[in-house]
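Just so we're clear, the structure is a prediction, and the values are computed from it rather than from any experiment. Position 1 is the first residue of the sequence, and the numbers go up from there.
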Amino acid sequence: YIDDYPAIVVKAVTPENQVVTLHRTYLTVSGNKAPLDEVKKMMPIPEGACITGSAVRLGNPVNGVLGVAEGLETSLSAFRATGIPCWSLINAALLEAWVPPKDLNISTVIIWADKDRSETGLNAANVLKSRLEAMGYLVFIILPPLPIPKESKGVDWNDVVLGQGVLGFPRPENIRLSIEYAMKNRKVECA
């Protein structure tokens with residue numbers, strides 16, 4: 001039954017740049033999510049491997065700036081709207097536990113957080129933000145401006161693109177100016 005549908009297949013990569021597993025999103029021929037009970041599936045994690053801290057890397061940081069988000073669709077939407085590379089961290093638990101790779105020049109992380117009724121996405125984003133800031137990164141959390149529809153558990157940035165197009169996102173120039181302002185006014189603690 002699953003074999004009847006095309007899929008987006010991406011690799012989850014550890015901070016040390018090792019492929020740990022594959023993640024699949026099943027689609028219809030027209031590009032919508034397939035009518036399956038489980039549209040998204042991850043291949044089993046090999047024995048002895050750990051996915052915690054991993055990411056689906058969609059591009060490299062530009063000028064030290066990288067976006068992160070839970071889902072693949074949200075990451076692709078954020079990149080499309082802003083031009084800032086954005087990695088998918090797969091889900092809220094893995095977003096919370098993400099570890100930036102040391103071999104890449106990352107100074108600023110933009111978290112494109114999901115807005116959920118349960119606040120799971122925001123809570124995970126806040127945990128990640130606190131941990132990254134303690135490590136010296138500049139971090140921004142950006143929530144979708146849409147209200148959560150009555151029939152929905154939440155909204156994400158892919159919903160913004162689908163409903164408002166890229167104009168529903170903050171303008172890339174405004175993001176750049178916010179980063180520059182924060183860098184100039186950043187308190188640097190000396191050891």
Val109 and Val99: same hydrophobic cluster, using ILVMFWY side-chain contacts below 4.5 Å? no
Following the transitive rule for hydrophobic clusters with a side-chain heavy-atom cut-off under 4.5 Å over Ile, Leu, Val, Met, Phe, Trp and Tyr, establish whether Ile142 and Ile106 coincide in one cluster. no
Minimum heavy-atom separation for Ser75 to Ala69, with atom names? OG-CB, 3.6 Å
Donor-acceptor pair, Asp116 side chain versus Ser118 backbone, under 3.5 Å? no
Lys11, NZ: over 12 other non-hydrogen atoms inside 6.0 angstrom: no
Within-4.5 Å side-chain heavy-atom neighbours: Leu177 and Glu180: yes
I need the minimum non-hydrogen distance between Asn105 and Pro61, along with the two atoms involved. O-CB, 3.9 Å
How long is the gap from CD1 on Ile84 to CG on Leu66, to the nearest 0.5 Å? 9.5 Å
State plainly whether one hydrophobic cluster holds both Leu138 and Val127, where clusters connect Ile, Leu, Val, Met, Phe, Trp and Tyr through side-chain heavy atoms under 4.5 angstrom apart. no
Return the minimal non-hydrogen interatomic distance between Cys86 and Ala78, and the atom names on each side. SG-CB, 4.1 Å
For side-chain contact (heavy atoms from CB on, under 4.5 Å), just list the numbers for Asn17 and Arg57, CA-CA rounded to whole Å, side-chain angles, deciding distance to a tenth of an Å, and then say yes or no. CA-CA 10 Å; Asn17 205 23; Arg57 297 184 181 189; 3.3 Å; yes
Interatomic distance, Ile141 atom CD1 to Trp112 atom CH2 [nearest 0.5 angstrom]: 12.5 Å
With side chains defined as the heavy atoms from C-beta onward, is the minimum distance between Val62 and Pro85 less than 4.5 Å? yes
Any donor and acceptor pair, going by atom type alone, linking the side chain of Thr28 with main-chain N or O of Ala34 inside 3.5 Å? no
Just by modelled atom types, is the Ile45 backbone N or O under 3.5 Å from a matching donor or acceptor in the Thr21 side chain? no
Output the distance between atom CD (Glu70) and atom CG (Asn91), rounded to the nearest 0.5 Å. 7.0 Å
Please tell me whether Val65 and Tyr137 are part of a single hydrophobic cluster in this structure, the criterion being side-chain heavy atoms less than 4.5 Å apart. no
Find the distance between CG (Asp159) and CG (Asp156) and round it off to the nearest 0.5 Å. 4.5 Å
Here the pair of heavy atoms bringing Pro15 nearest to Gly53 is CG-O, 3.4 Å
Donor-acceptor pair, side chain of Asn126 and main chain of Asn123, under 3.5 angstrom: no
Trp87 side chain to Gly59 backbone, donor-acceptor under 3.5 Å: yes
Stepwise side-chain contact (heavy atoms from CB on, under 4.5 Å) check, Ser54 with Val13: CA-CA 5 Å; Ser54 297; Val13 178; 5.9 Å; no
Starting at CZ of Arg80, measure out to CD of Glu73 and round the result to the nearest 0.5 Å. 14.0 Å
Can you tell me if Lys115 uses its side chain to pair, donor with acceptor, with the backbone of Ile148 under 3.5 Å? no
Where does the angle between the aromatic ring planes of Trp157 and Phe169 fall among parallel (under 30°), tilted (30 to 60°) and perpendicular (over 60°)? tilted
So which heavy atom on Pro144 is nearest to which on Val155, and how close? CG-O, 3.8 Å
Heavy-atom closest pair (Val160 atom, Pro145 atom, distance to 0.1 Å) is CG2-CD, 4.0 Å
Carefully, step by step, assess Thr25 and His23 under the rule side-chain contact (heavy atoms from CB on, under 4.5 Å). CA-CA 7 Å; Thr25 304; His23 183 276; 3.7 Å; yes
Under the side-chain contact (heavy atoms from CB on, under 4.5 Å) test against Leu89, which residue among Ile111, Val68, Leu72 passes? Val68
State, yes or no, whether a side-chain contact exists between Ile175 and Phe140 at a heavy-atom distance under 4.5 Å. no
Using modelled atom types and a 3.5 Å cut-off, is there a donor and acceptor pairing between side-chain atoms of Asn185 and backbone atoms of Tyr181? yes
Once rounded to the nearest 0.5 Å, what's the spacing between atom OG1 of Thr108 and atom CZ of Arg176? 13.0 Å
Decide if atom CG of Asn63 counts as having more than 12 heavy atoms of other residues, nucleotides or ligands within a radius under 6.0 Å. no
Could you see if Val139 belongs to whatever hydrophobic cluster contains Leu122? Use Ile, Leu, Val, Met, Phe, Trp, Tyr and a side-chain cutoff under 4.5 Å. yes
Check against side-chain contact (heavy atoms from CB on, under 4.5 Å), Ile90 and Met42: CA-CA 9 Å; Ile90 302 172; Met42 200 168 351; 4.2 Å; yes
Do other residues, nucleotides or ligands put more than 12 heavy atoms under 6.0 Å from the CZ atom of Arg131? yes
